[in-house]
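As C-alpha cells, the structure follows; a few thoughts come after it.
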Amino acid sequence: MALSGLRVLELAGLAPAPLCGMILADFGARVVRVDRAPRSAVATDVQGRGKRSLALDLKRPPGAAALRRLCSGADVLIEPFRHGVMEKLGLGPEVLLHENPRLIYARLTGFGQTGKYAKSAGHDINYVALSGVLSKLGRKGENPYAPLNLLADFAGGGVLCALGIIIALYERTISGKGQVVDASMVEGIAYISSFLWKSQNLGLWNRPRGENLLDSGAPFYETYKTSDGKFMAVGAIEPQFYDQLIKGLGLDSDKLPSQLSFSDWPEMKKKFASIFAQKTQSEWCSIFDGTDACVTPVLSFDDAPLHQHNKQRSSFIKNDQEEISPRPAPLLSRTPAVPSCKRDPFIGEHTEEILLEYGFTQEEIAKLYSDKVIESSKLKANL
C-alpha cells in the first residue's frame, strides 16, 4: 500500500485523531495507538481499524521517557491534547524534533496552538460556530443547526490533519526534515467552507438563512417524505435537470412559475411535497433511476450497503465480526487501501510486541511493568 513502512504513533483521544490515524492505517501505515494507563474499562476509539495498542502512563517520568524513545524511531506523532499539555510532560515538539529531526509532529486541536482560545475546551459545534459556518446552517425561522459532529471533528479535523501529515511527509522527501502540523478544527472547517466564502458575490447566499439555493430554500434542492415514511433527496439545480424532475413528477412546466422565482419557492415546495407523498420510495426510484433529474433515495445505514450502486462498487466492507463500515476512499488504481478485517485492538493488547519492535529489551519492559508504567491486555483462551 501507499503508506507501507510508515511508523505512526497516535496518542489516544476522541473522534478526530482516531479518524486521522485510521486513514493512515487503511493506506498501509503501521499505526500504534498509545492508550492511557491505568486504562479505563472501555476503549473510546471506535476507529481503531488496523491499529495496535500500547498502554502507557505518560504522567509518570518513565512513561514520558518511553514515549520519547518511541518517537525517536517514528515517522509521525498524532497528538490531540490542548495547547501546553505535551510541553508539561516534557514531550513538546522542541524536545522530540531535536531527538528525531525527521519526525512529523501533528497537533490536532479545536482552536490551534495559539490565540485566545488555545487552552480552552470545546467540541465540534463550538468550532463550527467560531468558523462562521454554523451561521449558514439551518432552516428558515429556526436556530442554526449543527449536522452531528461531522464538520469540525472529521472533515476539518481528522481528514485535514491527515492531509497535513501527507504534505509534510512529501516535503520531507526533499528536505529530509520533519515539522509541526498545527491542525486547528476551526480553521479546518473554515477552509473546507472556502466555496461559501468565495461565492458570496454570486448571489447564492445573499438571502436570509434557509431561503437560498442550497440551504433548504429552493424546492429543487430539498428532501421529501414518501408514502411509506421514507425520503427522497432532490438536487435538480441546472435547468436541464430541473426539467427532468418536473417530468418525473408528472407536472407541466408551462403551467409552473420560473424555476428561480424566489417568491414562488414556498408554494412549489408544498406542491412537490404533496406529490412525493403519493408514492413509496421504491416507486420514486423506479421513476428517477436512469434519469438526470438528480433524485436519489435517502438511505438508512441498514439500506446503504445493500443499494445496487454501492454493492457494485463494494463501497462498504465487513470485518471478522460482521460489522459494516465504509471502505477507505479514495480508490487508488495501483496501490489501493487494503483495510484490516480484524476487530479493533483492546487497550494495551500489543504493548510488549510494540516495545520490542521499537528496540526495548525484555529487561526494560519488565521494569516498566513492575513500575506500573505500562499495561498489557492479552486475550486469554476461553476454556
Side-chain angles (χ1 to χ4, degrees), residues 8-21 23-24 34 36 58-59 64 67-68 70-72 74-137 144 146 149-172 174-175 177-198:
V8 179
L9 299 173
E10 173 202 318
L11 301 188
L14 297 172
L19 174 65
C20 181
I23 291 171
L24 301 180
V34 181
R36 298 175 187 178
L58 295 179
K59 293 182 179 180
L67 183 66
R68 282 177 61 177
L70 289 167
C71 287
S72 68
D75 295 291
V76 178
L77 174 68
I78 304 172
E79 180 268 291
F81 307 131
R82 279 187 252 174
H83 173 76
V85 171
M86 290 292 278
E87 283 78 1
K88 288 180 181 178
L89 298 172
L91 298 169
E94 297 80 6
V95 174
L96 299 187
L97 280 167
H98 176 74
E99 296 177 354
N100 179 5
R102 291 175 56 82
L103 181 68
I104 308 301
Y105 193 122
R107 316 196 79 171
L108 177 51
T109 62
F111 299 111
Q113 298 301 308
T114 58
K116 179 179 179 179
Y117 288 174
K119 296 184 178 181
S120 298
H123 284 293
D124 182 283
I125 194 170
N126 307 117
Y127 312 141
V128 180
L130 203 64
S131 74
V133 174
L134 188 56
S135 69
K136 298 291 186 183
L137 306 178
N149 65 325
L150 291 173
L151 290 182
D153 278 356
F154 300 113
V159 173
L160 280 198
C161 186
L163 174 63
I165 289 168
I166 298 301
I167 292 170
L169 285 168
Y170 176 76
E171 193 280 336
R172 193 180 73 173
I174 302 168
S175 68
K177 297 178 181 179
Q179 58 183 303
V180 177
V181 177
D182 179 1
S184 154
M185 286 180 251
V186 173
E187 293 166 358
I189 185 55
Y191 188 41
I192 290 288
S193 72
S194 292
F195 171 78
L196 306 186
W197 289 86
K198 297 176 77 65

Please report the C-alpha distance between Arg107 and Glu87 in whole Å, then the side-chain angles of each, then the deciding distance to 0.1 Å, and finally whether the salt bridge (Lys or Arg N to Asp or Glu O under 4.0 Å) criterion is met. CA-CA 12 Å; Arg107 316 196 79 171; Glu87 283 78 1; 2.9 Å; yes
Heavy-atom side-chain contact between Leu89 and Leu67 under 4.5 Å: no
Check: Arg172 side chain, Arg102 main-chain N or O, donor-acceptor pair, under 3.5 Å: yes
Please report the closest heavy-atom contact between Pro80 and Gly13, naming both atoms and the distance. CG-CA, 4.2 Å
Measure from the side-chain N and O atoms of Asn100 to the backbone N and O of Ala74, and report whether any donor-acceptor pair falls under 3.5 Å. yes
Does CD1 in Ile125 sit with more than 12 non-hydrogen atoms of other residues, nucleotides or ligands closer than 6.0 Å? no
From Asp153 atom CG to Tyr127 atom OH, the distance as rounded to the nearest 0.5 Å: 7.0 Å
In this structure, CD1 of Ile189 is separated from CG of Leu160 (nearest 0.5 Å) by 8.5 Å
Applying side chain to side chain contact (heavy atoms under 4.5 Å, CB included) to Leu150 and Asp124, what does each step give before you reach the verdict? CA-CA 8 Å; Leu150 291 173; Asp124 182 283; 5.9 Å; no
Which atom pair, heavy atoms only, marks the closest approach of Gly110 to Ser184? O-OG, 3.4 Å
Pairwise distance CD1(Ile78) to CG(Leu108) - rounded to 0.5 angstrom: 8.0 Å
Compare every heavy atom of Pro16 with every heavy atom of Met185, then report the nearest pair and how far apart it is. CE-CG, 3.7 Å
How many angstroms lie between CZ in Phe111 and CD in Glu187, if you round to the nearest 0.5 Å? 11.5 Å
Compare all side-chain heavy atoms of Tyr117 with those of Asn126 and state whether any distance is below 4.5 angstrom. no
Gln179 side chain vs Val181 backbone, donor-acceptor pair below 3.5 Å: no
Interatomic distance, CG@Leu97 vs CD1@Ile104, rounded to 0.5 Å, equals 8.0 Å
Between Val133 and Ile192, is a side chain to side chain contact (heavy atoms under 4.5 Å, CB included) present by the stated rule, with each step listed? CA-CA 10 Å; Val133 174; Ile192 290 288; over 6 Å; no
Answer yes or no: are there more than 12 heavy-atom neighbours, outside Phe154 itself, under 6.0 Å from its atom CZ? yes
Taking every non-hydrogen atom, the tightest pair across Val95 and Gly90: CG1-O, 3.7 Å
Applying side chain to side chain contact (heavy atoms under 4.5 Å, CB included), name anything that partners Pro144, two or more places apart in sequence or on another chain. Leu134, Arg209
Can you measure from CD1 (Ile165) to SG (Cys20) and round to the nearest 0.5 angstrom? 3.5 Å
Would a 4.5 Å heavy-atom cut-off, applied to side chains only, mark Leu11 and Met86 as touching? yes
Over all atoms of both residues, closest heavy-atom pair of Ala155 and Val159: O-CB, 3.6 Å
May I ask you to check whether over 12 heavy atoms, not counting those of Arg68, lie within 6.0 Å of atom CZ? no
Minimal heavy-atom distance between Leu96 and Leu91, with the atoms involved, is CD1-O, 3.4 Å
